[in-house]
There are 2 protein chains.
Amino acid sequence: MNEIVEVTQIFKALSDKNRLRILKILEIKPLCVCEITDILGLATSTVSKHLSILKAAHFIFEQKECKWVNYYLNQSTQMPYVREIAELTRNWLKNNEIVLEDQRKAALSDRMKICHKQ
Amino acid sequence: MNEIVEVTQIFKALSDKNRLRILKILEIKPLCVCEITDILGLATSTVSKHLSILKAAHFIFEQKECKWVNYYLNQSTQMPYVREIAELTRNWLKNNEIVLEDQRKAALSDRMKICHKQ
DNA sequence: ATTATATTTCGTCATTTATCGAAATGATGG
DNA sequence: CCATCATTTCGATAAATGACGAAATATAAT
């Protein structure tokens, strides 16, 4: 794939409101799909698709933990463009109401409450 | 418009191969629509649309000169996010073949030759 | 004034994207 | 093993996007 197209893929990954929300949420702490789904209020399949796009662009990575799939910000990515833009945008949207509310929810998130198990 | 959506608009503007090519071309020098069209090899109306998207996102601005509309990189934009990302991506794609060829053409571009007038 | 040139706007079309729900997959716990 | 839960994949749909050519607009040249 041409490097120009690679760059467009990076920007496309950041071109969706809900994917930006996911990245800002994961700044708080790693979360599983059901926690992110609960915060965003979208269908699970939609969130899964967004996560796969962010993962393909190397903004996040996943790690299995029991029956959950946890997603982490990929802050040590070896992709220079991705790292640069992730560092830059980390300082963006710091006072946005939606982002702050999402992050508040993320901080309080407890998968045991969400996921029908004690 | 919510700030998150504003940010997605910035990234959407950068999510197209031909718009990235336009930004890299304008690094060399300001150009009119017909010169950019000649370099990209697209329909004039397509190029005009791309320019309007980049202008709406404040990456470029236009200035009339006789019968031409010249487009300039908006390096002194008052939009902080746009300026930051423009500065960052200015260092990207420096060795890309397509970009280098476009820039070579831009450097040699002469609207008098392209636009049916001596 | 009329014609020619440069650009934008409009209408159309094909492709991509975001979303959902349902079905499939994978892992856990009884 | 079977039932449950978490997640992904698939199929459908509506909306957005990028492309073109034609028409409209604006300016310049004759």
Side-chain angles (χ1 to χ4, degrees), chain A residues 1 4-5 8-23 30-57 60-72 109-118, chain B residues 1 4-5 8-23 30-57 60-72 109-118:
Chain A
M1 184 157 51
I4 303 181
V5 178
T8 65
Q9 292 303 114
I10 293 170
F11 287 129
K12 274 184 212 232
L14 300 174
S15 291
D16 179 86
K17 175 180 179 176
N18 291 319
R19 286 197 290 274
L20 290 180
R21 289 174 71 193
I22 290 172
L23 291 178
L31 294 168
C32 69
V33 180
C34 64
E35 291 176 296
I36 298 169
T37 300
D38 184 64
I39 295 171
L40 295 183
L42 295 171
T44 310
S45 57
T46 304
V47 173
S48 180
K49 178 67 176 164
H50 283 314
L51 289 166
S52 77
I53 291 168
L54 289 170
K55 186 175 68 168
I60 62 177
F61 66 91
E62 66 180 44
Q63 202 165 307
K64 291 218 154 193
E65 177 198 354
C66 308
K67 63 183 178 180
W68 294 287
V69 179
N70 293 322
Y71 282 90
Y72 298 74
S109 179
D110 178 357
R111 75 185 54 174
M112 295 309 170
K113 282 184 189 147
I114 294 166
C115 299
H116 319 106
K117 298 289 292 179
Q118 55 100 13
Chain B
M1 183 156 54
I4 302 181
V5 178
T8 65
Q9 291 304 112
I10 293 170
F11 287 129
K12 273 184 216 245
L14 301 173
S15 291
D16 179 86
K17 174 179 179 176
N18 291 319
R19 286 196 291 274
L20 290 180
R21 289 174 70 192
I22 290 172
L23 291 177
L31 294 168
C32 69
V33 181
C34 63
E35 291 176 295
I36 298 169
T37 299
D38 183 64
I39 295 171
L40 296 183
L42 295 171
T44 311
S45 58
T46 304
V47 172
S48 180
K49 179 67 177 165
H50 282 314
L51 290 166
S52 77
I53 291 169
L54 290 170
K55 186 175 69 168
I60 61 177
F61 66 91
E62 66 180 42
Q63 202 165 309
K64 291 218 156 192
E65 178 198 355
C66 307
K67 62 182 177 181
W68 295 287
V69 180
N70 294 322
Y71 282 90
Y72 298 73
S109 179
D110 177 356
R111 74 184 54 172
M112 295 310 170
K113 281 185 191 147
I114 294 166
C115 298
H116 318 105
K117 298 289 292 181
Q118 58 104 11

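In what follows, chains are A, B, ... by sequence order, proteins preceding strands, each numbered from 1.
Straight-line distance from the CD1 atom of B:I22 to the P atom of D:dG18: 11 Å, rounded to whole Å. Whole-Å rounding puts the B:E62 CD to D:dT27 P distance at 12 Å. The interatomic distance linking A:E65 (CD) with C:dT28 (C1') rounds to 13 Å, in whole Å. The distance from atom NZ of A:K64 to atom P of D:dC5 is 18 Å, rounded to the nearest whole Å. A:W68 places its CH2 atom 12 Å from the P atom of D:dC5, with the value rounded to the nearest Å. When the P atom of C:dA22 is taken as reference, atom NZ of A:K49 falls 20 Å away, rounded to whole Å. The CG-P distance, from B:D38 to C:dT7, rounds to 12 Å in whole Å. The nearest whole Å value for the distance from the NZ atom in B:K67 to the C1' atom in C:dA6 is 7 Å.
Taking for each of A:R19 and B:V47 the nucleotide of DNA chain C with the nearest heavy atom, the 5'-most of the two is the partner of B:V47. Checking A:L51 against B:A43, the closest nucleotide of DNA chain D that is more toward the 5' end is the one next to A:L51.
Within the structure, every side-chain polar atom (N or O) of A:R111 is placed at least 4.0 Å from both OP1 and OP2 of D:dA6. The side chain of B:H50 places no N or O atom within less than 4.0 Å of a non-bridging phosphate oxygen (OP1 or OP2) of D:dT17. One finds a side-chain N or O of A:N18 lying less than 4.0 angstrom from the OP1 or OP2 phosphate oxygen of C:dT19. Proximity of B:K12 to the phosphate of D:dT17: a side-chain N or O atom is located under 4.0 Å from OP1 or OP2. Distances shorter than 4.0 Å separate some side-chain N or O of A:Y71 from OP1 or OP2 on D:dT8.
Of the candidates C:dT19, C:dT7, D:dT27, C:dT19 carries the atom nearest the A:D16 side chain, counting heavy atoms from C-beta on. If you check D:dG18, D:dA28, D:dT7 against the side chain of B:I53, the one that comes closest is D:dG18. Distances were taken from every side-chain heavy atom of A:S45 (C-beta onward) to each of C:dA22, D:dT7, C:dT7; the shortest belongs to C:dA22.
Using modelled atom types, one finds no donor on one side chain facing an acceptor on the other under 3.5 Å when comparing A:N70 with A:Q63. For the residue pair A:S15 and B:S15, a side-chain donor N or O sits within less than 3.5 Å of a side-chain acceptor on the partner.
On a pure distance criterion of 3.5 Å, no polar donor-acceptor pair joins the side chain of B:T46 and the base of D:dG18.
Looking at A:V47 and A:N18, their side chains never come closer than 4.5 Å, going by heavy atoms from C-beta outward. B:I53 has its side chain within reach of B:R19: a pair of non-hydrogen atoms, C-beta onward, lies under 4.5 Å apart. Residues B:T44 and B:V33 meet the side-chain proximity criterion, which asks for heavy atoms closer than 4.5 Å.
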